[in-house]
Participant: 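Dumping the structure here so I can ask a few things about it.
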Amino acid sequence: MMMDLVGRPADAGRVAFEREASSSRAPSAPFAGAPNGEHAQSDADAVASRAQTSKMRTEELRAFFGRSEVIRGITLPIPEKKVTAIIGPSGCGKSTFIRCLNRMHEVVPGARSTGKVLLDGQEISRGVDPVRIRRRVGMVFQKPNPFPTMSIRDNVLAGLRLNGLRPKDPASLVESALRRVALWDEVKDGLGRSGLSLSGGQQQRLCIARTLATEPEVILMDEPCSALDPIATARVEELIHELQSSYTIVIVTHNMQQAARVSDYTAFFYMGELIEHGRTDAMFTRPRQQKTEDYITGRFG
Amino acid sequence: MTEVVERFGGSVRVRVLKDRLVRGACAGAALVALVPLFSVLYYLTVRGLAGLDAAFFTELPKPVGEEGGGMANAIVGSLQLVGLACLFGIPPGVLAGIYLAEFGNGAFGRVVRFCADVMSGVPSITIGIFVYALVVLRTKQFSAFAGGLALAVIMLPTVTRTTEELLKLVPEALREAALGLGVPKWRATLRIMLRTAAPGIATGIMLAVARVAGETAPLLFTAFGNRFWSRGLDEPVASLPVQIYTYAVSPYEEWHRQAWAAALVLVGLVLSLNILARVLVRHRVRT
């Protein structure tokens with residue numbers, strides 16, 4: 001079936017990819033993530049990704065800060081219940097891109113965007129209340145940011161309480177959220193302590209628990225491990241593995257090993273453009289673009 | 001090893017000596033700064049305690065020539081005035097501070113900020129005259145209401161700017177965390193930003209309260225003074241600073257004694273207001 005999630009014929013989504021492909025050095029196979037009727041798709045990746053539905057999708061997304069364009073027309077599907085990693089050198093627009101996915105981009109003064117962001121096929125980048133989008137698309141930030149005036153327990157419940165909800169059984173909600181991030185055993189005897197009393201890695205897991213407690217459908221992670229030591233990083237990566245069975249995850253990372261370890265799909269951004277996108281294993285072993293290869297082998301970036 | 005030391009100039013012993021010297025100088029300066037504070041407190045306590053008895057807190061002032069009596073009406077009056085000042089001054093001050101911190105980057109915000117800064121430098125007696133013209137002349141009487149209003153106007157710029165500055169100190173990451181959880185902006189501001197800045201803002205407000213609690217000049221022609229209980233907010237009311245002033249400039253020994261006692265009570269009052277505020281806004285969680 002040549003239909004993508006939005007229910008349009010697959011060909012419509014192809015235009016962007018083909019332009020991408022033709023502008024670069026002759027690729028051995030056209031963009032694997034995109035359905036392509038002309039080339040025989042023996043590539044198993046493409047078959048897999050076609051069967052895969054997209055939870056989110058951007059179309060010709062452009063983002064600006066004042067006059068400068070930091071995202072230059074990115075069309076990217078984000079498969080459901082998979083981990084999509086976004087890699088690329090600093091300043092390539094990775095963070096801006098995921099902030100467009102839950103309308104956090106517009107929070108910065110002077111920021112705006114054009115193009116489409118689709119969530120379950122519905123356009124969400126304008127005409128909808130950003131607050132409602134953010135409840136469905138949660139976010140974990142680069143630096144752990146628990147609320148300093150709240151206890152560990154209140155931090156987990158913050159997303160619900162700040163939205164005026166009174167959970168029926170807060171205690172079990174707190175426990176299940178903290179268990180899912182493997183923090184429960186470490187903090188169960190001190191739930192009344194300040195969130196700031198935890199170590200950096202624990203704080204970041206607390207922030208993930210806080211996001212999980214609001215039951216989002218998609219979780220965006222903006223370099224969630226860049227402020228953590230290797231051990232804490234490993235724990236968060238493990239956690240991402242466990243979460244992917246129930247959530248769609250998009251993770252921005254500077255660390256290519258991390259992208260290779262945790263993600264199913266990888267998108268490589270450079271100067272605000274999407275250079276390459278496909279299954280992570282394929283991309284790291286057989287990159288189709290010279291730039292991608294240069295970046296992942298450490299020749300620049 | 002010695003090369004390393006020499007590269008930084010001088011031997012270790014010299015550097016240790018320098019360190020002690022500078023540290024000693026700092027400690028000495030700190031002591032000097034504390035001298036006036038403690039001598040005021042000491043003098044006040046010694047002189048004030050002499051005039052302090054139970055009657056001071058419970059009785060009205062006695063006519064000249066009679067021994068005893070107290071300042072119960074002035075103590076209550078001061079509390080009334082400060083309470084009214086908080087009522088009139090804190091809500092608009094905090095709201096204006098929130099406005100300046102959240103939306104105050106435009107021309108209007110700059111004007112408001114500039115006015116607040118100018119206003120905090122206006123002599124308090126000027127504000128007294130302003131309220132006198134605005135309220136007292138129109139209502140044709142001195143009143144607790146006018147006094148509270150004058151004090152509120154004095155508090156307003158301090159409260160506004162403190163709120164603004166402290167809100168700006170709250171890391172933007174916390175706002176993003178709240179917005180990322182799907183919290184509307186206004187609620188993120190109130191429940192996260194303001195809540196996080198609350199202890200600092202409360203301290204700023206307490207400083208403003210402490211300042212107005214001791215104000216005399218603006219009360220002279222707004223709250224005026226009263227030798228008896230004031231029966232309503234529309235009547236002249238006694239206050240400790242005005243009472244201290246009246247008693248201190250009088251020729252009577254007994255009144256001087258009571259003025260000292262009143263000064264001690266005023267300082268105690270401000271101190272306990274401070275402690276109360278700190279207890280109220282202390283972080284609910286143990287850190």
Side-chain angles (χ1 to χ4, degrees), chain A residues 98-99 102-104 106-110 129-165 190-198 206-207 210-216 219-222 227, chain B residues 94 98-110 113 162-205 277-287:
Chain A
I98 66 163
R99 289 170 67 95
N102 72 340
R103 305 279 298 267
M104 285 295 283
E106 67 200 56
V107 168
V108 181
D129 184 1
V131 165
R132 298 179 54 144
I133 301 308
R134 292 178 199 140
R135 286 179 198 172
R136 295 175 63 191
V137 185
M139 192 161 208
V140 175
F141 297 84
Q142 190 168 353
K143 260 183 72 185
N145 51 5
F147 297 124
T149 56
M150 295 186 192
S151 64
I152 294 173
R153 180 189 298 110
D154 291 345
N155 258 291
V156 176
L157 296 172
L160 300 170
R161 289 208 176 138
L162 289 174
N163 285 320
L165 300 172
L191 292 174
R193 279 184 301 152
S194 162
L196 292 182
S197 66
L198 301 175
L206 175 61
C207 291
R210 180 174 69 185
T211 303
L212 295 182
T214 62
E215 298 288 336
I219 301 176
L220 309 173
M221 298 185 170
D222 189 356
Chain B
V94 169
I98 293 174
Y99 174 81
L100 287 182
E102 299 285 322
F103 317 98
N105 291 321
F108 181 64
R110 278 197 297 278
R113 197 172 292 121
T162 315
T163 306
E164 183 199 354
E165 293 303 327
L166 283 151
L167 274 178
K168 282 183 173 168
L169 284 181
V170 179
E172 203 56 22
L174 291 182
R175 183 203 308 283
E176 295 215 323
L179 293 178
L181 288 170
V183 178
K185 182 178 175 178
W186 64 271
R187 207 177 280 171
T189 300
L190 288 183
R191 301 275 301 269
I192 298 298
M193 307 303 272
L194 199 61
R195 176 71 191 84
T196 308
I201 294 174
T203 309
I205 289 176
R278 268 163 209 267
V279 169
L280 286 181
V281 298
R282 195 164 39 190
H283 286 242
R284 279 174 303 172
V285 289
R286 281 172 285 133
T287 42

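Chain A is the first sequence line, chain B the second, and so forth, proteins listed ahead of strands; every chain is numbered from 1.
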Participant: Where on B:A178 is there a heavy atom nearer than 4.5 Å to chain A: the side chain, the backbone, both, or neither?
Facilitator: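 When you check distances to chain A, atoms from both the backbone and side chain of B:A178 fall under 4.5 Å.
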Participant: Is chain A contacted by the side chain of B:E176, its backbone, both, or neither, given a heavy-atom distance below 4.5 Å?
Facilitator: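 Both parts, backbone and side chain.
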Participant: Give the member of A:R132, A:M104, A:Q142 that has the highest number of heavy-atom pairs under 4.5 Å with chain B.
Facilitator: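 Sorted descending by pairs with chain B, the first entry is A:M104.
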Participant: Heavy-atom distance under 4.5 Å to chain B: side chain of A:F141, backbone, both or neither?
Facilitator: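 Side chain only.
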Participant: Looking at side-chain heavy atoms only, is the closest gap between B:P184 and A:L162 below 4.5 Å?
Facilitator: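 Side-chain contact under 4.5 Å: no.
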Participant: How close do A:N163 and B:G182 get, heavy atom to heavy atom, and via which atoms?
Facilitator: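 The pair with the smallest heavy-atom distance is OD1-O, 2.9 Å.
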Participant: Can you tell me how far CZ of B:R175 sits from CG of A:N145, rounded to the nearest 0.5 angstrom?
Facilitator: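 One gets 13.0 Å once the value is rounded to the nearest 0.5 Å.
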Participant: Could you check which of A:R210, A:M139, A:K143 has the highest count of heavy-atom pairs closer than 4.5 Å to chain B?
Facilitator: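 Looking at each option in turn, the highest pair count goes to A:R210.
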Participant: Relative to chain B, which segment of A:P146 carries a heavy atom at a distance below 4.5 Å: side chain, backbone, both, or neither?
Facilitator: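 Backbone only.
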Participant: Is there side-chain contact between A:R161 and B:V183, with heavy atoms separated by less than 4.5 Å?
Facilitator: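 Of all side-chain heavy-atom pairs linking B:V183 with A:R161, none is under 4.5 Å.
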Participant: Which bit of B:L179 comes within less than 4.5 Å of chain A, counting heavy atoms only: side chain, backbone, both or neither?
Facilitator: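 For B:L179, the contact with chain A is made by backbone and side chain together.
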Participant: Highest number of heavy-atom pairs under 4.5 Å with chain B: which of A:R135, A:R103, A:R136?
Facilitator: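 Ranked by heavy-atom pairs under 4.5 Å with chain B, first place is A:R135.
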Participant: What is the distance from atom CG of A:L160 to atom CG of B:L181, rounded to the nearest 0.5 Å?
Facilitator: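 A:L160 atom CG to B:L181 atom CG measures 9.0 Å (nearest 0.5 Å).
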